[in-house]
Amino acid sequence: MSPPKRKKTFNNFLINNKAQKIKKKFVHKVKTKKDFYKTLSKEKHELETPSFYKQIFSEKSAKGDINHARHISDSEDNLDKDEDDHHEELIEYDRSSCEESKKTLKEREYSQREKQAKIEAIKQEKEIRIQNQKAYLAQRKLTKKKLLKRNSKGQPLMKARIDHLLSKITN
């Protein structure tokens with residue numbers, strides 16, 4: 001016995017159509033990724049790094065090359081130079097690197113202070129909101145208590161209701 005056939009409704013058509021679209025989109029993405037990685041593997045040796053990466057790495061490597069060149073020249077000329085000269089060059093290099101690191105530390109501390117100030121401001125705003133909400137709920141509780149008062153026969157007291165309406169009008 002075959003399973004019962006589903007009625008062809010517009011809603012079922014939409015569901016199937018949407019599923020097909022999602023599947024097509026997924027397959028297309030997978031194919032493009034596959035093609036991209038194929039071409040990347042073929043042209044790997046031909047690809048060059050972007051210029052902004054080159055700038056960043058050249059700055060770092062230039063500093064490293066200078067430092068490396070200093071050490072090589074120092075080791076070759078160590079016999080000619082005194083140890084004091086070598087020591088002074090290292091101290092100068094350390095000072096320059098320390099100044100750079102101090103600048104970055106100051107920037108980091110400044111950003112941390114800004115973040116901390118933002119956090120404190122948010123905490124204060126939240127505390128104020130909570131206090132206002134508590135005051136509102138306490139006032140609401142009092143008015144509710146007044147409005148729910150009943151006389152001995154179970155009828156609501158009109159005095160409390162009229163007073164409440166008058167206070168609303170005056171405020």
Trainee: Show every salt bridge (charged side-chain N to carboxylate O under 4.0 Å, His left out) that has at least one partner inside residues 155-171, sequence neighbours left out.
Mentor: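 Applying salt bridge (charged side-chain N to carboxylate O under 4.0 Å, His left out) to every pair that reaches into residues 155-171, excluding sequence neighbours, yields nothing.
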Trainee: For the residue pair Ala160 and Lys146, what are the closest heavy atoms and their distance?
Mentor: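 Closest pair (atom of Ala160, atom of Lys146, distance): CB-O, 3.4 Å.
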Trainee: By the rule that ILVMFWY residues connect when side-chain heavy atoms come within less than 4.5 angstrom, directly or transitively, which residues belong alongside Leu165?
Mentor: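 ILVMFWY cluster around Leu165 holds nothing else.
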Trainee: If you round to the nearest 0.5 Å, how far is CG of Leu142 from NE2 of His164?
Mentor: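 Answer for the NE2-CG pair, His164 versus Leu142, is 12.0 Å.
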Trainee: Using atom types as modelled, flag every donor-acceptor pair under 3.5 Å from a side chain in residues 116-140 to any protein atom, sequence neighbours excluded.
Mentor:
residue, atom, partner, partner atom, Å
Asn132, ND2, Ile128, O, 3.4

Trainee: Hey, could you give me each pair passing salt bridge (charged side-chain N to carboxylate O under 4.0 Å, His left out) that has a residue in residues 104-115? Not counting sequence neighbours.
Mentor: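 Listed by first then second residue: Glu109-Arg113.
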Trainee: Report all side-chain donor-acceptor pairs from residues 22-37 shorter than 3.5 Å, counting only partners two or more places apart or in another chain.
Mentor:
residue, atom, partner, partner atom, Å
Thr32, OG1, His28, O, 3.2
Thr32, OG1, Lys29, O, 2.8

